[in-house]
Amino acid sequence: MRRRLYFMLPNIEMAKKLERELLLGHIDDSHIHFHATVDAKLAELPKANLLQRTDLLHGMFVGLVVGAVVGAALGYLLYLYPAFGDSLGMGPILGLAIAGAVFGSWASGMVAISVPNSRLKGFQSAIDNGQILLMVDVPKDRVEEISEMVHSHYPEAADKGVESHMPAFP
């Protein structure tokens with residue numbers, strides 16, 4: 001199980017140095033993510049991917065649930081309608097629930113892909129001012145060690161907390 005640590009870094013040079021320190025601290029490159037404004041030159045630094053920058057997973061989950069509920073309700077109404085209910089049975093409830101879940105997940109995913117990640121909302125003003133957000137995923141037993149390492153080498157790196165419930169597919 002991993003925890004996500006957040007740090008605000010003042011410039012790109014510090015971000016590069018801190019990435020090297022984390023790599024030397026046996027944090028895999030796939031667990032280090034940087035997020036900055038569009039015009040920031042993150043060059044060789046590992047950038048936050050689409051799932052980390054947007055609310056895609058959350059939006060797809062909400063669409064899945066709402067679509068399944070609406071589809072099941074429509075299927076139930078179709079079942080209650082005498083002309084179809086007698087001949088089709090309970091099949092429309094399950095079929096429309098699945099179709100609604102698929103459609104709802106797709107439709108809300110298309111919307112959510114353009115919405116910034118709500119977990120990063122608190123960092124947005126600092127990012128807009130040119131700072132760089134570092135998200136590092138560490139094993140839960142190394143949270144204190146990595147935090148201490150970052151602050152001992154780079155005291156100007158602002159510790160922005162730990163996310164205890166990291167997404168299953170970050």
Side-chain angles (χ1 to χ4, degrees), residues 1-69 100-170:
M1 173 145 279
R2 292 187 171 272
R3 302 284 189 253
R4 180 166 285 169
L5 304 176
Y6 295 98
F7 298 98
M8 290 304 301
L9 308 174
N11 54 43
I12 193 75
E13 291 80 24
M14 180 184 283
K16 290 177 183 178
K17 290 177 185 176
L18 190 51
E19 182 202 18
R20 282 192 291 271
E21 289 290 330
L22 290 170
L23 290 172
L24 290 173
H26 302 289
I27 301 297
D28 195 24
D29 206 22
S30 63
H31 297 294
I32 302 171
H33 320 284
F34 291 94
H35 181 56
T37 58
V38 175
D39 57 336
K41 305 288 188 265
L42 292 180
E44 69 274 354
L45 294 173
K47 297 171 187 67
N49 65 28
L50 191 65
L51 297 177
Q52 294 154 347
R53 291 189 321 260
T54 65
D55 258 349
L56 180 63
L57 290 179
H58 178 337
M60 288 180 72
F61 176 73
V62 169
L64 178 94
V65 171
V66 171
V69 169
V102 169
F103 178 75
S105 181
W106 172 77
S108 73
M110 296 301 286
V111 171
I113 202 165
S114 64
V115 176
N117 192 333
S118 56
R119 293 179 179 183
L120 303 182
K121 195 173 285 189
F123 307 116
Q124 196 58 47
S125 63
I127 291 171
D128 291 342
N129 289 332
Q131 293 186 7
I132 299 168
L133 175 65
L134 166 64
M135 298 176 275
V136 58
D137 304 329
V138 299
K140 68 178 183 179
D141 57 332
R142 294 192 66 198
V143 169
E144 291 296 322
E145 172 194 348
I146 298 300
S147 292
E148 289 297 322
M149 188 267 304
V150 169
H151 289 299
S152 67
H153 293 321
Y154 306 98
E156 61 272 13
D159 189 354
K160 293 296 183 176
V162 178
E163 184 177 333
S164 60
H165 298 290
M166 204 179 91
F169 303 103

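Quick note: residue numbers are just sequence positions, from 1.
Atom CD of Glu19 is separated from atom CZ of Phe34 by 5.5 Å, given to the nearest 0.5 angstrom. Rounded to the nearest 0.5 Å, atoms OG (Ser152) and CD (Glu21) are 8.0 Å apart. The CG atom of Asp141 lies 10.0 Å from the CZ atom of Arg3; values are rounded to the nearest 0.5 Å. Note that CD1 of Ile12 and CD1 of Ile132 are 4.0 Å apart. Values are rounded to the nearest 0.5 Å. If you take CD1 on Ile127 and NZ on Lys121, they are separated by 13.0 Å, rounding to the nearest 0.5 Å. Put simply, NE2 on His31 and CZ on Arg2 are 3.5 Å apart, with the number rounded to the nearest 0.5 Å.
Checked against side chain to side chain contact (heavy atoms under 4.5 Å, CB included), Val66 has the following partners two or more places apart in sequence or in another chain: Val62, Val70. Partners of Asp55 according to the side chain to side chain contact (heavy atoms under 4.5 Å, CB included) rule, which considers only residues two or more places apart in sequence or in another chain, are His58, Val115, Asn117, Ser118. For Asp128, the side chain to side chain contact (heavy atoms under 4.5 Å, CB included) criterion is met by Thr37, Gln124, not counting sequence neighbours.
Across every non-hydrogen atom of Leu120 and Gln52, the tightest pair is CD1-O, 3.4 Å. In terms of heavy-atom proximity, Met8 sits nearest to Ala126 at CE-CB, 3.5 Å.
The side-chain contact (heavy atoms from CB on, under 4.5 Å) test with Leu134 singles out one residue from Val150, Leu5, Ile32, and that residue is Ile32.
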Side-chain donor-acceptor distances from residues 104-114 under 3.5 Å, at least two apart:
from: Ser108; atom 1: OG; to: Gly59; atom 2: O; distance (Å): 2.4
from: Ser108; atom 1: OG; to: Gly63; atom 2: N; distance (Å): 3.4
from: Ser108; atom 1: OG; to: Gly104; atom 2: O; distance (Å): 3.0
from: Ser114; atom 1: OG; to: Val111; atom 2: O; distance (Å): 2.9

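Looking at heavy atoms from C-beta onward, Asp137 lies in side-chain contact with His33 at the 4.5 angstrom threshold. In this structure the side chain of Lys17 never reaches within 4.5 angstrom of the side chain of Met14, judged on heavy atoms.
A salt bridge (charged side-chain N to carboxylate O under 4.0 Å, His left out) check over residues 42-53, counting only residues at least two apart or in different chains, returns the pairs Lys16-Glu44. A salt bridge (charged side-chain N to carboxylate O under 4.0 Å, His left out) check over residues 143-153, counting only residues at least two apart or in different chains, returns the pairs Arg142-Glu145.
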* Take Phe7 and Gln131 through the test side-chain contact (heavy atoms from CB on, under 4.5 Å) and record every step on the way to the result. => CA-CA 10 Å; Phe7 298 98; Gln131 293 186 7; over 6 Å; no

